[in-house]
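Along the sequence shown, the residues carry numbers beginning at 1.
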Amino acid sequence: MAVAVPGTAVRGATALGLPPADIMVKAESVVKHYGSLQVLRGISLEVKRGEVMCIIGPSGSGKSTFLRCINHLEKVDGGRLTVDGEMVGYKERDGRLHELKDREVCRRRAEVGMVFQHFNLFPHMTALDNVVIGPVKVKGEPRAQAAARAAELLASVGLADKAGAYPRQLSGGQQQRVAIARALGMQPKLMLFDEPTSALDPELVGDVLEVMRKLADDGMTMVVVTHEIGFAREVGDSLVFMDAGLVVEAGPPKQVLANPSQERTRAFLSRIL
């Protein structure tokens with residue numbers, strides 16, 4: 001992970017400029033505001049291919065908004081954001097940025113899986129059908145092919161016996177694992193997790209984190225907004241602390257957690273560790 005923040009010393013990070021083939025996500029001075037409220041105030045960072053980046057910070061710091069910008073669920077108001085070398089939501093022509101048509105945005109968004117705090121499963125569909133619908137409707141895959149892969153994905157998250165169950169018949173942890181399988185059904189190059197365990201009872205958290213650990217072991221590039229500090233320490237390759245729409249500090253998780261260089265980071269960690 002590489003990150004640069006004007007006026008802030010960043011531990012464990014190098015200057016921006018990794019070889020393009022090694023970069024999955026690149027944010028350059030990304031700005032987002034809602035009216036007069038500026039939520040992102042110039043985010044610059046890089047996520048390497050195969051890296052697990054964990055983002056922590058207080059509520060309202062812009063973590064989830066940044067994640068949604070990566071997937072163009074929110075439009076950026078300034079700066080540049082690319083995924084695998086392609087600009088997110090825009091194309092450049094004659095030195096100017098032009099927003100892509102909805103069809104092209106959907107094509108690129110399909111390459112980025114996202115798992116939300118709340119599971120957002122279709123309540124009238126079985127677990128299997130929740131995983132199948134994306135590849136069939138968005139990518140035009142034959143249903144039999146999509147269903148076979150969906151069954152494999154449900155098995156991979158420990159839910160082979162729940163393929164025919166409806167969301168109401170599943171625990172929160174099981175629903176979240178279906179949501180992960182659903183995102184993986186699109187065969188994404190990047191996975192985004194927006195506090196995926198925050199809505200779960202404590203005893204259900206471990207199963208979801210174990211699925212995420214396996215994804216990391218398999219080399220999936222992941223950006224994870226989380227309050228699970230143990231997961232960030234053990235699984236993350238890099239840790240970013242955000243506050244007030246800025247990256248305050250970044251570096252190897254164990255280093256940032258054990259010896260943060262910024263007072264704001266120390267104050268935050270003192271309240272949660």
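Two residues are said to be in side-chain contact when any heavy atoms from C-beta on lie closer than 4.5 Å; M242 and I43 meet this criterion. Annotation: side chain of K254 is not in contact with side chain of L239 (no heavy-atom distance under 4.5 Å). By the 4.5 Å heavy-atom criterion applied to side chains, N130 and R182 are counted as neighbours. Within the 4.5 Å cutoff, side-chain heavy atoms of L190 are placed close to those of V83.
Listed here is the closest heavy atom pair of R41 and L246: O-CD2, 3.6 Å. Nearest approach of T126 to G164, heavy atoms of both residues: CG2-O, 3.5 Å. When all heavy atoms of T221 and G50 are compared, the closest pair comes out as OG1-N, 2.7 Å. Of all heavy-atom pairs spanning V256 and G251, the tightest one is CG2-N, 3.6 Å. Pairing each heavy atom of P167 with each of P123, the nearest pair is CD-O, 3.8 Å.
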* Go through the steps to decide whether E86 and R107 satisfy the test salt bridge (charged side-chain N to carboxylate O under 4.0 Å, His left out), and finish with yes or no. => CA-CA 12 Å; E86 289 190 322; R107 181 191 70 80; 3.8 Å; yes
* To do: Begin with the C-alpha distance, continue with both residues' side-chain angles, and end with the deciding distance and a verdict on salt bridge (charged side-chain N to carboxylate O under 4.0 Å, His left out) for R149 and E152.
  => CA-CA 5 Å; R149 188 167 68 253; E152 292 176 357; over 6 Å; no
* Could you go step by step and tell me if M125 and L121 meet the side chain to side chain contact (heavy atoms under 4.5 Å, CB included) rule? -> CA-CA 8 Å; M125 293 184 178; L121 299 178; over 6 Å; no
* With side chain to side chain contact (heavy atoms under 4.5 Å, CB included) as the test, would you mind laying out the steps for L128 and L154 before giving the verdict? => CA-CA 8 Å; L128 185 76; L154 288 173; 4.1 Å; yes
* Asked: So R108 and L100, side chain to side chain contact (heavy atoms under 4.5 Å, CB included) or not? Walk me through it.
  -> CA-CA 10 Å; R108 295 190 183 183; L100 296 172; 3.5 Å; yes
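Although no hydrogens or angles enter the test, the distance criterion places a donor-acceptor pair under 3.5 Å between the side chain of E51 and the main chain of K48. Of the possible polar contacts, one joining the S171 side chain to the Q174 backbone as a donor-acceptor pair under 3.5 Å is found. Judged purely by atom type and a 3.5 angstrom limit, K139 uses its side chain to pair as donor or acceptor with the backbone of M186. No donor-acceptor distance shorter than 3.5 angstrom exists from the side chain of Q176 to the backbone of V208, with no hydrogens or angles considered. With hydrogens and angles disregarded, no donor-acceptor distance shorter than 3.5 Å links the side chain of R264 to the backbone of D243. Between the side chain of Q175 and the backbone N or O of L170, at least one donor-acceptor pair lies under 3.5 Å.
Remark: the E249 side chain and the T265 side chain contain an N/O donor-acceptor pair separated by less than 3.5 Å. Side chains of E195 and T226: no donor on one and acceptor on the other come within 3.5 Å. Using modelled atom types and a 3.5 Å distance limit, the side chains of D194 and S64 yield a donor-acceptor pair. No side-chain donor from either of E74 and T65 sits under 3.5 Å from a side-chain acceptor of the other.
Taking NZ of K63 as the start and CG of L40 as the end, the distance is 11.5 Å to the nearest 0.5 Å. The distance from atom NZ of K32 to atom CG of L37, rounded to the nearest 0.5 Å, is 10.5 Å. Atoms NZ and CG, from K26 and D84 in turn, are 13.5 Å apart once rounded to the nearest 0.5 Å. Between S44 atom OG and R80 atom CZ the span is 12.0 Å, to the nearest 0.5 Å. For the atom pair L159 CG and L153 CG, the distance stands at 11.0 Å (nearest 0.5 Å).
Remark: N71 engages L73, R109, V112, M114, L192 in a side chain to side chain contact (heavy atoms under 4.5 Å, CB included) (not counting sequence neighbours).
Annotation: ring pair (Phe, Tyr, Trp, His ring centres under 6.0 Å) contacts involving residues 215-250, sequence neighbours excluded, comprise F241-F268.
Counting heavy atoms of neighbouring residues, nucleotides and ligands inside a 6.0 Å radius, atom NZ of K189 exceeds 12 of them.
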